[in-house]
Amino acid sequence: AEYMGAVLEVGLGGRLDATNASIANVSAITHISKDHTEILGDTIGKIAFEKAGIMKPNVPVFTASNQYDEALKVFYQRALDVGTTLEVVSPIKTYNNKS
């Protein structure tokens, strides 16, 4: 069988996650919230910094348009710092498994 690719989801954060050892063609950061604040930080900016740790040079990053402004600022700065692009996209579809 021909290998087409894989989707790897980071664990708690991004910066120190083991998935950073993989070579990505594209990365995505989903909407962040104030979860795991004892590990990731107590502000949206600190959490965004940890999540932005998945960014690598020349690997495009996508994120949702419903991010907090503070998070987007961190993501844009990190993209500049590492030499990549950040695309902010509208959500395609909302999934709700309640029938």
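Along the sequence shown, residues carry numbers from 1.
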Q: Output every pair passing salt bridge (Lys or Arg N to Asp or Glu O under 4.0 Å) with a member in residues 7-18, not counting sequence neighbours, ordered by first then second residue.
A: Arg15-Glu50

(Q) Applying a strict under-4.5 Å side-chain criterion to I, L, V, M, F, W and Y, I'd like to know whether Tyr76 and Val82 cluster together. (A) yes

Q: Work out which heavy atom in Ser27 is nearest to a heavy atom in Ile54; give both atom names and the distance.
A: CB-CD1, 3.9 Å

Q) Under 4.5 Å between side-chain heavy atoms, hopping through other hydrophobics if needed: is there a path connecting Ile47 to Tyr68? A) yes

Q: Kindly give the heavy-atom pair with the smallest separation between Gly14 and Asn20, and that separation in Å.
A: O-ND2, 2.7 Å

Q) Within the side chain of Thr37, is there an N or O that forms a donor-acceptor pair under 3.5 Å with the backbone of Lys34? A) no

(Q) Quick check: closest heavy atoms across Ala52 and Phe75, and the distance to 0.1 Å? (A) CB-CD2, 3.9 Å

Q: Please report the shortest heavy-atom distance between Ile29 and Gln67, naming the atom on each side.
A: O-NE2, 3.7 Å

Q: To the nearest 0.5 angstrom, please state how far the OG atom of Ser65 sits from the CG atom of Leu72.
A: 8.5 Å

(Q) Taking salt bridge (Lys or Arg N to Asp or Glu O under 4.0 Å) as the definition, give me every residue that meets it alongside Asp35, ordered by chain and number, with sequence neighbours left out. (A) none

Q: Measure from the side-chain N and O atoms of His31 to the backbone N and O of Asn66, and report whether any donor-acceptor pair falls under 3.5 Å.
A: yes

Q: Say whether, by atom type as modelled, one donor and one acceptor occur between the side chain of Thr85 and the main chain of Pro60 under 3.5 angstrom.
A: no

Q | Nearest-0.5 Å distance, CG of residue Asp81 to CE of residue Met55 | A | 10.0 Å

**Q.** Among Thr63, Thr30, Ile32, side chain to side chain contact (heavy atoms under 4.5 Å, CB included) partner for Lys51
**A.** Ile32

